[in-house]
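Step one of this worksheet: look at the structure below.
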2 protein chains.
Amino acid sequence: MLTSIPVTEISPRCSTCGMGQLCLPVGMSQQDLLKMDTLVQERVRVHKGETLYRMGDPLTAVYAVRFGTLKTHVTLEDGRSQITGFHLPGEIVGLDGLGEMQHASDATALEDAEVCVVRFSELQALSGDLPSLQTQFLRLMSKEISQDQVMLMTLGSMRAEERLAAFLVNLSERLSARGYSSSEFVLRMSREEIGSYLGLKLETVSRLFSRFAEAGLIQIRQRHVKLIDMAGIKQIYNRSC
Amino acid sequence: MLTSIPVTEISPRCSTCGMGQLCLPVGMSQQDLLKMDTLVQERVRVHKGETLYRMGDPLTAVYAVRFGTLKTHVTLEDGRSQITGFHLPGEIVGLDGLGEMQHASDATALEDAEVCVVRFSELQALSGDLPSLQTQFLRLMSKEISQDQVMLMTLGSMRAEERLAAFLVNLSERLSARGYSSSEFVLRMSREEIGSYLGLKLETVSRLFSRFAEAGLIQIRQRHVKLIDMAGIKQIYNRSC
DNA sequence: CGTGAGATTGAAGTCCATCAATGGTTGTGG
DNA sequence: CCACAACCATTGATGGACTTCAATCTCACG
């Protein structure tokens, strides 16, 4: 089950959180940052494979990933499902549900994770005397829209190898922004999950990884990846064929 | 060129605009609605084929479609481009650029159109003492995210005929909400544009239209469509194959 | 150490793209 | 107002990219 962890005096707060430069507080003054400390009064532990929320659940909060990795996915009646995003620490999930105040996707942990619960009521209240929070929240929503549109481009007009190359580079950059190595990392998702995200079958993903490795672009052993020739990888989707 | 039309005393305003129940003012009290009248101080006429904004342009406003149809599209360096949305009256375009305050896509008119210019500075100012505007704006952004995610699902896991059927139904519903016939309408976009949006080639779109017509699901002559068997069309993408 | 989920690799098949030729509609300028 | 051009749409034939089906293989975990 999901474990709830109350935030106490001694817990880390927004003002002291290492994710600050990636999360809601981006660009806030020290003064504003201190006001943020009342925003999150609860955190939730989500173990690998557990679900944070499901499509249709009433939305009372959005969630900032504190550590771990989540996936968001939508499912059709006939069982087909599509992963709409992988979410790293500092990213917000649940934004797609604010319109109807009920979640428009499922969110599941790919590894043990912890999220900060950002109650929508608190968010609204605090936004009143913290315009920078308002602005920052809009900015995050807007970024989500433009990222989804890049993904639409990827699914709509790129070939399989271009999609996978773009995926690797995107992941690399996001990990790098979080202080991890940009050239060597562990995939938290299966071939099937990568395939679902990229609109491909798991066998195709596997074959492409093998081909990339053969071409000397990457090394891959199970879920451990090393990017060898970053320029070469980028060329796959940059070449003006 | 784009024609700017100042909003004067006698111009239609938000409080009297027929699009009210679809646009920013949704669900506002009469009192709030009157405050909205200061929000839009300019409208812009965009003729068929003209561009409202381009990717990279600094963003100073978002735009509410008043009449006509727009498309938004993103382009890669190599020239490939993807249509990310078709926008009908009452819908807001430009939301994807708020994150960086510069536009993340191009917006082009498919037919002569007019948009209300919603300056971001005005929006922020007015949001201060009009919380319902704030809420409504968040709601619209959130809907855009969840719509994009439905589109990701469509591109990532549906077959060609399912995509086209879903497209027709979606368009039908949106036209219906605007007071037009849900069963008979004119496509404002070419086969190629439909194909770009759905991740298909124009020949595929054309063939599918012909097949749908042969199956008695629709009638189609150039851009004039009549949906004959709505249940049958929905079955194409609902059947639990 | 054994088991089972996940990953790899091969062979065959399908769906959609590409290439190509023709037909239809719209709009423009003589 | 007509003729022509330009654009858009249709349809057929062929090919290729990715999927599907299937048989191992690998490794993480009890």
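Residue numbering restarts at 1 for every chain, and letters A, B, ... go by the order of the sequence lines. These numbers come from a predicted model, not from an experiment.
A close approach under 4.0 Å does not occur between any side-chain nitrogen or oxygen of A/Arg223 and OP1 or OP2 of C/dG6. Note on A/Ser206: a side-chain N or O is less than 4.0 Å away from OP1 or OP2 of C/dT8.
The environment of CD in A/Gln102 is crowded: more than 12 heavy-atom neighbours from other residues, nucleotides or ligands sit within 6.0 Å.
Protein atom CG of B/Leu164 is 15 Å distant from nucleotide atom C1' of C/dC15, rounded to whole Å. The separation between A/Arg188 atom CZ and C/dG6 atom C1' is 16 Å, rounded to whole Å. The CD1-C1' distance, from A/Ile194 to C/dT8, rounds to 14 Å in whole Å. One interatomic measurement links the two molecules: CD of A/Glu192 to P of C/dA5, which rounds to 13 Å at whole-angstrom precision. Atom-to-atom, CG of B/Leu110 to P of D/dC8 comes out at 12 Å; the value is rounded to the nearest Å.
Applying the side chain to side chain contact (heavy atoms under 4.5 Å, CB included) rule to B/Ser183 yields the partners B/Ser181; only residues at least two apart in sequence or on another chain are considered.
Of the possible donor and acceptor atoms, one in the side chain of B/Ser142 sits under 3.5 Å from a partner among the backbone N and O of A/Gly99.
Checked for salt-bridge contact, A/Lys48 and A/Glu111 miss the test: no charged N lies under 4.0 Å from a carboxylate O. Ion pairing between B/Glu214 and B/Arg207 fails under the 4.0 Å rule for side-chain N and carboxylate O.
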Handout entry: Base versus backbone protein contacts along nucleotides 16-30 of chain D [heavy-atom cut-off under 4.0 Å; B, S, -]
Key = --SBBB-----S---
